[in-house]
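Scroll down for the structure; my scribbles are underneath it.
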Amino acid sequence: MLYRALANLDAGKTQIKEGDVFPGNVLGDKARAKLEQVGAIKPCSSPPLAALPGWKTRAEKFEPAGVITVENLIDMPDGSIAELFEVSLDRVTLWKRDALDWLKAPRSTGG
Amino acid sequence: MTDSTTIVNACDVSFWVDNASGTPVDISGTANSVTITIEQNVGDSRVFGSRWPRRKMCGHDCTIDYTILYSTAEDEALDIFRDWSILDDPGARTVKIYIPDKNVGSDFYSGEFVLDSMEIPATAGEGKPIEVTGSLMIDGALALSKVAT
């Protein structure tokens with residue numbers, strides 16, 4: 001499941017900014033439950049890949065593999081995606097980051 | 001509005017300061033008060049015909065007023081702050097404060113701070129442990145986040 005950070009999160013070596021969307025397995029189960037309880041994170045609905053700007057063609061190629069939504073993409077092992085598309089693992093990492101970045105809430109710059 | 005269920009006290013606040021080697025040290029055991037003051041730089045103006053000011057804001061500042069207890073062991077609060085205060089080039093250090101504690105979901109305030117002052121009182125006849133007070137001033141931005149591990 002994907003989550004949206006409603007506050008900046010300090011997870012030791014991992015820093016998650018408010019508004020970022022991230023896979024739930026980045027945090028431990030207990031931490032996830034506690035942060036959801038205090039309102040610091042919330043499950044995030046996952047749009048279809050085809051709805052992301054610049055992803056229409058790639059989404060059509062993912063569809064036969066059962067990867068329809070951003071969450072499906074994030075859950076699919078990197079190795080499987082690399083094999084399916086005959087691309088490098090680095091490329092897969094970039095795709096996943098790009099998909100999550102499109103779900104980020106824009107940050108206020110003050111005023 | 002219904003009563004809040006998330007009101008906290010400061011019993012288990014966790015206070016960390018980098019020592020001279022840049023290693024974060026938990027000084028909670030010899031500290032008993034921190035006051036984080038966040039200010040805005042506010043300017044006001046008035047115009048003819050209006051009885052009320054208009055205000056503009058630009059810029060933030062943050063100070064931490066601390067109270068630590070005088071102890072004689074190395075790498076406890078006094079030792080760290082005292083060494084910091086007498087260095088020729090003290091520099092800024094990372095200060096971290098966790099409220100209400102260091103558990104997941106707690107608020108975490110952190111930033112680079114310079115040591116502005118330290119006062120060590122010594123009063124004859126006073127039985128209470130010596131409380132050393134002073135203040136830190138921020139060098140850069142104050143970061144606020146939630147503890148997630």
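A quick note: this is a predicted structure, and the numbers were derived from the prediction, not measured. Each chain gets a letter, A, B and so on, in the order its sequence line appears, and its residues count up from 1.
One hydrophobic cluster, built from ILVMFWY side chains closer than 4.5 Å, cannot hold both B:W16 and B:L115; they sit in different ones. A:I16 and A:W102 fall into different hydrophobic clusters, where Ile, Leu, Val, Met, Phe, Trp and Tyr side chains are chained together by heavy-atom contacts under 4.5 Å. Using a 4.5 Å cut-off between side-chain heavy atoms of Ile, Leu, Val, Met, Phe, Trp and Tyr, with links allowed through other members, A:L52 and A:F62 fall into the same hydrophobic cluster. A continuous path of hydrophobic side-chain contacts links B:F15 to B:Y70 [ILVMFWY only; heavy atoms under 4.5 Å]. Cluster membership check: A:I68 does not share its hydrophobic cluster with A:L84, using side-chain heavy-atom separations under 4.5 Å among Ile, Leu, Val, Met, Phe, Trp and Tyr.
With rounding to the nearest 0.5 angstrom, the CG atom of B:L144 is 11.0 Å from the CG atom of A:D10. Rounding to the nearest 0.5 Å places NZ of A:K13 at 11.0 Å from OG1 of B:T149.
Considering all non-hydrogen atoms of both residues, A:A7 and B:K146 come closest at CB-CG, 3.8 Å.
Among the candidates A:T14, A:V38, A:L35, A:I41, the residue making the largest number of heavy-atom pairs closer than 4.5 Å to chain B is A:L35.
Using a 4.5 Å cut-off on side-chain heavy atoms (C-beta onward), B:V104 and A:K30 make no contact.
For A:L9, the parts lying under 4.5 angstrom from a heavy atom of chain B are both the backbone and the side chain.
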